[in-house]
Amino acid sequence: MKTTTPPSDVPPTVRRAGGPAGLALFASIIVSFLAASSAPTPVYALYAARWHFSPITTTVVFGVYAVVVLAALLVLGRASGHLGRRPVLLAALALQAIAMVVFSEAGGVGALIAGRVLQGIATGGALGALGAAMLDIDRERGTRANAVAPGLGSGVGALLSGLVVQYLPAPTHLVYLVFIGVFALQAAGVAVLPDTGGRAPGLRFSLVPELAVPRRLRGPLLAVAPVLFAVWSLGGFYGSLAPALARELSGSDSAVIGGLGLFVLTVVSSATVVSLGRTPPRTLMFLGITLLVLGSLGTLTAVQLSSFGGFFAGTLVSGVGFGAGFQGGMRTVVPLVAEHERAGVLSAVYVVCYLGMGLPAVIAGVLVVHGGGLAAATRDYAWFVVALAAMTLIALLRLKAPAPAGCRDTPG
């Protein structure tokens, strides 16, 4: 019987991981994890009315998730390099399902915080493994998927939740039950796919918090960190306070309008990543910086003029800046990473992102209550993003070309 030999130009990791099917599955898990993280966004108004809490509580509940993701990234970000990708992902999917049960049965703010903690552990533990698994399969497409999937997930989750809250019964239960079903299907897919990563000794030492960034990559990462922080801080604002701002500007209490701002921001950013996939990273960074500044100032002007349409126009421009800036940052750093460095470096990248998402949002919640309301908090947020964009521009102009992956760090 004649046998067919696989083409020699197909990397073994592609065949071993299921090729495009594996890449699609891992990207879909990032989408569903980020969608689940943004699903409570349109529901916060219901929770606030039911349990009588302020915008500070809303941003604290939102920020707890980001803090726990950070901790999980630092502690668990490299675990998949020692346990394999599959065990880490199966554990994370199970933990996400438990978090959905906690949300669906929540009876107070404490339960919301508990659910966010579980979500944060699951997401932080999985992001490094997912990003590394996609790079194991295909470096170029994996890099692009790492930039597209988070934004797409956040936007889809917010809009889906808003539609459920607005038009379907049991809104504080149904959306979470849908995600439980999604996680179950994804767990089945992970279980049947071969593992893209091997097992290695040293698990105990890998759990010691460390930002595993090789010396040759520290310059590029520090240069892009401000824009990564800035774009994700926009995501934090749109995920925590923008729903209330959109309802205030529109004069409507619609949950769909509340979730629409985050949807527009993140889906436009994902479309930007796809459409500008072949644009040089440095060009993307400059484009992202420019549009972040224009979008932030446009949103600020719209709020000052009480313009609902202007708010979404500014959001659209910011979304393009988000996509260009985030993709430019990822493509400045990730393609330079050697195989054994992937999980650790991706975890470090996401640490920057989640710091940006959580910390400014909590500060903005305090400003809403004690600093003049939503309009004043939006103004401060806009100028903060502009300042970070300027920092990135200065760092990029000073950045030298890094050494390629595989070069050894010089001692010292």
Side-chain angles (χ1 to χ4, degrees), residues 38-62 109 112 154-172 174-175 233-269 294-322 360-385:
S38 64
T41 295
V43 193
Y44 285 142
L46 296 180
Y47 292 141
R50 184 179 301 175
W51 300 325
H52 309 290
F53 58 72
S54 73
I56 295 178
T57 303
T58 299
T59 56
V60 166
V61 172
F62 186 88
V109 174
L112 294 183
S154 297
V156 168
L159 185 62
L160 172 66
S161 180
L163 291 170
V164 169
V165 170
Q166 192 69 34
Y167 298 113
L168 295 179
T172 58
L174 184 58
V175 66
S233 71
L234 273 179
F237 176 76
Y238 278 88
S240 57
L241 294 179
L245 181 61
R247 288 192 294 268
E248 182 178 295
L249 292 173
S250 67
S252 168
D253 61 356
S254 168
V256 176
I257 288 177
L260 197 57
L262 181 59
F263 176 79
V264 170
L265 180 81
T266 55
V267 172
V268 168
S269 77
L294 293 177
S296 298
L297 295 179
T299 301
L300 174 59
T301 302
V303 171
Q304 291 175 335
L305 297 175
S306 299
S307 171
F308 180 65
F311 170 75
F312 276 98
T315 301
L316 191 148
V317 174
S318 295
V320 179
F322 189 131
V362 174
I363 295 172
V366 175
L367 292 175
V368 169
V369 176
H370 300 293
L374 274 171
T378 302
R379 178 198 63 214
D380 294 340
Y381 225 104
W383 286 115
F384 173 71
V385 171

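Nearest heavy atoms, G319 versus V268: C-CG1, 3.7 Å. Across every non-hydrogen atom of L245 and F311, the tightest pair is CD2-CE1, 3.7 Å. A pairwise comparison of heavy atoms in V385 and S296 identifies CG1-OG, 3.4 Å as the closest pair. Across all their heavy atoms, V175 and A39 have their closest contact at CG2-CB, 4.3 Å. Residues A158 and G259 come closest through the heavy atom pair CB-O, 3.7 Å. When all heavy atoms of T266 and G155 are compared, the pair lying nearest together is OG1-CA, 2.7 Å.
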Tell me, with the steps shown, if F308 and I257 meet side-chain contact (heavy atoms from CB on, under 4.5 Å).
CA-CA 11 Å; F308 180 65; I257 288 177; 4.0 Å; yes
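In this structure, OG1 in T378 is found 3.5 Å from CZ in F237, a value given to the nearest 0.5 Å. To the nearest 0.5 Å, atom CG of residue L174 and atom OG of residue S161 are 10.0 Å apart. Once rounded to the nearest 0.5 Å, the distance linking CH2 of W51 with CG of L46 reads 9.5 Å. Atom CG of L260 is separated from atom CZ of R247 by 12.0 Å, given to the nearest 0.5 angstrom.
No side-chain heavy atom of L163 sits less than 4.5 Å from a side-chain heavy atom of L168. Here the side chains of S38 and L262 are in contact, with some heavy-atom distance below 4.5 Å. A heavy-atom distance below 4.5 Å is not found between the side chains of T57 and Y47.
Judged by distance alone, the side chain of Y381 and the main-chain N or O of S233 form a donor-acceptor pair under 3.5 Å. A distance-only check finds no donor-acceptor pair linking the side chain of S307 to the backbone of A302 [under 3.5 Å].
A search for side-chain hydrogen bond (donor to acceptor under 3.5 Å, both in side chains) contacts involving T315 returns Y238, not counting sequence neighbours. Listed by chain and number, the residues in a ring-ring contact (aromatic ring centres under 6.0 Å, His included) with F53 amount to none (sequence neighbours excluded). Residues satisfying the ring-ring contact (aromatic ring centres under 6.0 Å, His included) test with W383, not counting sequence neighbours, are none.
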